[in-house]
Amino acid sequence: MQISFHGAAGDVTGSCHLLEVGKQRILIDCGLFQGSKRLREENSEPFGFDPASVDVMLLTHAHLDHCGRIPLLVKQGFQGRILTTAATVDLAKLVLLDAARLQEEEAERYGVAALFGTQDVEQALPRLQGVMAYGTPREVAPGVRATFGDAGHILGSAWILLEVEEGGKTRNIVFSGDLGNPGNPILRDPQRLAAVDTLVMESTYGDRNHRSRAETLAEFRQAITQTLSGGGNVVIPTFALERAQDLLFYLRQFMQDGSVPNSTPVFLDSPMAISATEIFRRHPECFDPEVRQRELAGEDPFALPRLQFTQTSEASRAIAAAHGAIIMAGSGMATGGRVLHHLKNNLDGAANRVILVGYAAAGTPARALADGVKELNVYGSTVAVKAQVSTIGGFSAHAGHDDLIAWAQSGKPRQVLLVHGEEDAATVLAGDLEKQGLAAHVPHLGETWDLTAARNTSAGK
Ligand code: ZN
């Protein structure tokens, strides 16, 4: 029994791990490499295994860095089923079609070939099957049983336990996928582990903890109330999936407790975030017990008195006339999308405020704003930055350092293989796991690990 790492090894994107048990080949995630040019170029490289030889794929969640190479996998010969939760199927469909559209647009603009297009996604989608319910084991290959546990990261997200019969013995291995930050307002906290032999765990925040949820919310509330009481607009560049719904939920809380006036116009100006919110509404089985109970009592967790979902570009343009409004729009790092118009309209007003609620990669407009630039280039014109800019860092969808260690300890694993983290973060976490008496290793891209002997058999790149 062995596992090889074909993405998110020493990096945070491109998750793709191949488990081989006898003649069975099981792929866990098949994500897109994102970020720097060097990483993006990995997407065009061979997988490191023959897609046609894979029997079945299991998908932890619908983020592009976990599902984005599925169209390529199918195009290159994979003929098996992709098993996941029902909510993940709905979200993955949305995410993959959006990615294909963006790539087709980019290909046309720059005269290059798209990595994959809408047709490739449509070919791949029928393979996705939302048959996995949390906590219900299912045989996914001869002698291999899979159970999905709630990872509390985004709607439908799971960690995956595989129990393998080999030589009269049962061995088990858990893939964490992305592990959630406990205290998410809508989702359940990550479910703890039972005893596990091998744990393949993410390490995105392996070297740091997040600011507490209570402090984060207090900051967010204050940034909003200050701006609204001064008559300004609040512009929030936001990711369409999970963050936008979390924010709607918090705004509803603020209006219920009276800290934000009910009369405040709120715009969700992102067709993708609107679709994602509809998918949330269709999957209340993923909500935490309190939200679920209120949902059953007829309450809509995402409803606000003056909330507008602006689907068309006409409706989006009309937002320019709004005052004292909260405007949420994509993209999350302001690298494109409708948020650029709102930045253009609002940055030069001292009464307005931009609230950055997500990760801002180096080189993006969101990072420039966070770093305090005095002017920003938007659509070829220079806009003075007179608006306040607040960076609120505690909304992460990932477990922090201490949460990762506590979660790993709950399974008392014989070995921990750390993936999905920058080399530095993964190394710090490996050291701290060792201090807790857990053997930890950070595999390289292409590395193969013998699970029975607990050592690597090829070192990879
Ligand atoms: Zn994720």
Side-chain angles (χ1 to χ4, degrees), residues 5-9 11-17 27-35 39 43 57-70 82 84-85 87-96 98-99 128 132 134 148-160 174-191 200-206 210 238-247 272-273 276 279-280 283 286 330-333 357-361 393-401 403-404 407 418-422 425-426 429:
F5 299 90
H6 304 282
D11 267 306
V12 285
T13 63
S15 280
C16 187
H17 316 303
L27 194 67
I28 291 88
D29 289 348
C30 192
L32 203 66
F33 290 97
Q34 295 173 290
L39 277 169
N43 292 317
M57 180 184 150
L58 306 174
L59 175 61
T60 59
H61 67 289
H63 273 150
L64 206 55
D65 64 324
H66 292 257
C67 71
R69 277 190 290 163
I70 287 175
I82 302 169
T84 187
T85 62
T88 296
V89 171
D90 286 350
L91 288 175
K93 206 169 169 175
L94 177 72
V95 163
L96 287 171
D98 181 68
L128 279 162
M132 301 303 296
Y134 294 121
F148 278 39
D150 197 336
H153 168 62
I154 62 167
L155 192 84
S157 65
W159 52 257
I160 301 174
V174 166
F175 293 86
S176 72
D178 286 355
L179 205 63
N181 186 3
N184 177 290
I186 305 163
L187 307 175
R188 294 178 286 260
D189 285 350
Q191 193 187 332
V200 179
M201 184 168 79
E202 69 125 317
S203 54
T204 318
Y205 288 92
H210 303 301
T238 181
F239 297 99
L241 179 47
E242 198 60 50
R243 190 61 39 85
Q245 292 75 34
D246 291 355
L247 296 182
M272 177 133 168
I279 293 172
F280 269 68
H283 291 284
C286 298
S331 71
M333 297 190 212
V357 293
Y359 178 69
F395 283 123
S396 177
H398 285 270
H401 169 276
D403 302 317
L404 287 169
W407 189 74
L418 292 175
V419 295
H420 202 289
E422 303 284 351
L429 186 62

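Values below: all heavy atoms of this structure, side chains included; hydrogens, waters and symmetry mates excluded. One-based numbering, in listed order, for ligands and for the atoms of each.
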Name, closest N/O/S atom of D178 to the Zn ion (ligand 1): OD2

Opening angle between NE2 in H61 and ND1 in H63, taken at the Zn ion (ligand 1), to 10 degrees: 100°

Taking every non-hydrogen atom, the tightest pair across F148 and T85: CD2-CG2, 3.9 Å

Proximity of H398 and H420 rings by center, below 6.0 Å: yes

Donor-acceptor contact below 3.5 Å, side chain S176 vs main chain E202: yes

Any residue meeting salt bridge (Lys or Arg N to Asp or Glu O under 4.0 Å) with D90, in chain and number order, not counting sequence neighbours: R282

Heteroatom test (N, O or S) for D65 near the Zn ion (ligand 1), limit 2.8 Å: no

